[in-house]
Amino acid sequence: MTNCLIVGGGIIGLSLAYELSRRGLSVTVAEQGPWGGQASSAAAGMLAPLKEFSEPGPLLDLGMDSLRLYPEWAAELEAEAGGDVQLSIDGLLTVALTEEEAERLRAKFAWQRESGYDVHWLTGAAIRDVEPLLTDRAVAAIHSPSEGHINNRLLLQALVTACRRMGVTLLSGCVVTGIATEGSRVVGVETTAGPLRADETVIASGAWAGIMMGWLGLSIPVRPVRGQIAAVASAGIPLRTVIFGSTGYITPKRDGKIVIGATEDEAGFQREVTLSGLTGVLNGVMPYVPALSSAPFLEAWAGLRPASADGKPLLGPVPGWTGLSLAGGHFRNGILLSPITAKLMADYLEQGRAERLQPFLPERFAGVSL
């Protein structure tokens, strides 16, 4: 019997498996499809808690803590896997194209500055000093030099390689069909590849977590939100930095691509790229960098992000059951939050420490049952 069984082979499940294996635990990961095929692929690898989170509080603190972990975590992962994950902590711009947008942006800048974060208010030529290709229509921007991005596809590959090298049992194409219980204790899962048993089972199955909790009579409000995203070639478009706007984002990568996105579609479990979605993505970014209109189109893809009812992830033990935990509901911030999620969940699973998990415990939804 393995120490820990993780259901879900996206960025969260693989990061947790990597962390637990580093601590000497035996780990198995069961994934129904390709590694990182859902929310982890519907991402541009943003590491931008100050952009993503709209107010001070536990979620922003979690994001900032994870961002601080990233350089050392990525370096250790690269050393273990033998590959570059293209971590870039070189800043980003959140841009306003109208005075109305600038007013909203200034309010956000004010509380971030008052809270002591490293952010700068830019107008006029100062904006284009940071990013010369940005449109002249830019009225104002927040420059956050301590944020950045990572190549999420290379990160996933590195995690899979590192997990294999550290002895994690990786089972892809393994569909979980039920949760195995003995009384009020979860002892593993039933799968299309046969039964899997473990001392601790962690559901990290993204948008499918709510369905799996339903098998136990629990209603955990996690739903899929489709994200459609695209990439164009960066040749002749030497973007320096990540750009966020009200209608899209633009992320230059070191592999010759510019990743642009992304939609937020309430489409159930459908993950196809749609013409409407792709049109919205492409049209949404061109007002910010007009040079993108001539960029060669490379590809488009989509994945399902797990959104929780209150916008916060679900981390920790499942109420009413022993031997069962959740690690999910990260919505579009799974890449950002993977190092801190792995650390805090491993602290709980290995040592029983749950102090930092308190704002994110699944028990906040325990009053609802099927």
Side-chain angles (χ1 to χ4, degrees), residues 1-30 57-70 72-73 76-77 159 162-163 166 168-169 179-182 184-189 196-206 209-210 212-213 216 218 220 222 306 308 310 312-331 333-366:
M1 180 184 290
T2 189
N3 295 133
C4 189
L5 168 64
I6 299 171
V7 177
I11 189 72
I12 296 299
L14 290 170
S15 297
L16 179 55
Y18 172 62
E19 179 65 23
L20 289 170
S21 65
R22 292 174 68 195
R23 299 186 186 202
L25 279 70
S26 61
V27 185
T28 297
V29 183
L59 189 53
L60 177 57
D61 293 343
L62 191 73
M64 294 302 295
D65 287 345
S66 202
L67 180 62
R68 282 188 281 269
L69 290 176
Y70 244 102
E72 183 178 356
W73 186 69
E76 292 173 351
L77 186 58
L159 281 166
C163 284
M166 299 187 75
V168 175
T169 301
I179 296 177
T181 62
E182 293 179 358
S184 62
R185 180 170 186 81
V186 169
V187 295
V189 296
L196 298 174
R197 299 294 181 258
D199 299 322
E200 296 285 342
T201 299
V202 180
I203 303 300
S205 55
M212 292 182 178
M213 291 299 95
L216 297 175
L218 299 172
I220 299 294
V222 177
S308 69
D310 61 3
K312 295 189 294 187
L314 297 137
L315 306 175
V318 174
W321 297 89
T322 57
L324 181 65
S325 299
L326 272 173
H330 294 76
F331 191 36
N333 289 295
I335 306 294
L336 166 65
L337 296 175
S338 52
I340 193 67
T341 296
K343 180 182 185 303
L344 297 183
M345 285 297 298
D347 287 346
Y348 167 70
L349 293 165
E350 182 192 26
Q351 305 165 16
R353 294 169 50 196
E355 300 85 5
R356 287 290 313 277
L357 299 179
Q358 289 300 318
F360 312 106
L361 290 174
E363 68 184 24
R364 68 188 189 270
F365 298 118

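These numbers come from a predicted model, not from an experiment.
Residues P339 and S66 approach most closely at CD-OG, 3.3 Å, considering heavy atoms. Residues L324 and E200 come closest through the heavy atom pair N-OE1, 4.1 Å. Taking each heavy atom of V168 and S21 in turn, the nearest pair found is CG2-CB, 3.7 Å. In terms of heavy-atom proximity, L16 sits nearest to M345 at CD1-CB, 3.8 Å. The nearest pair of heavy atoms linking A327 to V202 is CB-CG1, 4.0 Å. Scanning all heavy atoms of the two residues, the minimum distance from G9 to V29 falls at CA-CG1, 4.0 Å.
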**Request:** Go through the steps to decide whether S325 and L349 satisfy the test side chain to side chain contact (heavy atoms under 4.5 Å, CB included), and finish with yes or no.
**Result:** CA-CA 9 Å; S325 299; L349 293 165; 4.0 Å; yes
**Asked** Are L5 and V189 close enough, and set up right, to give a side chain to side chain contact (heavy atoms under 4.5 Å, CB included), and what steps lead you there?
**Response** CA-CA 9 Å; L5 168 64; V189 296; 3.6 Å; yes
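Separation of atoms OG1 (T201) and CH2 (W321) is listed at 11.5 Å; rounding is to 0.5 Å. Here the CD-CZ distance, from Q358 to F360, works out to 10.5 Å after rounding to the nearest 0.5 Å. The CG atom of L337 sits 6.5 Å away from the CD1 atom of I12 when rounded to the nearest 0.5 Å. The distance from the CG atom of N3 to the OG1 atom of T28 is 9.5 Å, given to the nearest 0.5 Å. Within the model, atoms CG of L196 and CD1 of I6 stand 12.5 Å from one another, a figure rounded to the nearest 0.5 Å. Rounded to the nearest 0.5 angstrom, R356 CZ and L62 CG are separated by 6.0 Å.
With sequence neighbours left out, S15 forms a side chain to side chain donor-acceptor pair (under 3.5 Å) with no residue at all. Residues satisfying the side-chain contact (heavy atoms from CB on, under 4.5 Å) test with S205, not counting sequence neighbours, are V7, I203, W208, A209, M212. Listed by chain and number, the residues in a side-chain contact (heavy atoms from CB on, under 4.5 Å) with R22 are Y18, E19, W73, E76, M166 (sequence neighbours excluded). Considering only residues two or more places apart in sequence or on other chains, V222 meets the side-chain contact (heavy atoms from CB on, under 4.5 Å) condition with I220, P306, L314. In this view, T341 and H330 satisfy the side chain to side chain donor-acceptor pair (under 3.5 Å) rule, not counting sequence neighbours. Applying the salt bridge (charged side-chain N to carboxylate O under 4.0 Å, His left out) test to D310 and every residue at least two apart in sequence or in another chain returns R364. Applying the side chain to side chain donor-acceptor pair (under 3.5 Å) criterion to K312, with sequence neighbours excluded, gives no partner residue. Listed by chain and number, the residues in a side chain to side chain donor-acceptor pair (under 3.5 Å) with D61 amount to none (sequence neighbours excluded). In this structure, the side-chain contact (heavy atoms from CB on, under 4.5 Å) partners of P319, at least two apart in sequence or on a different chain, are P362, E363, A366.
Taking the side chain as every heavy atom from C-beta outward, T322 and E182 never approach each other to under 4.5 Å. Residues T2 and T169 form no side-chain contact, since every pair of their non-hydrogen atoms from C-beta on lies 4.5 Å or further apart. Here the side chains of T181 and L216 are in contact, with some heavy-atom distance below 4.5 Å.
Using a cut-off of 4.0 Å between Lys/Arg side-chain N and Asp/Glu carboxylate O, D65 and K343 are scored as not salt-bridged.
Each of L361, L357, I340 was evaluated against L315; a single residue qualifies, L357, per the side chain to side chain contact (heavy atoms under 4.5 Å, CB included) test.
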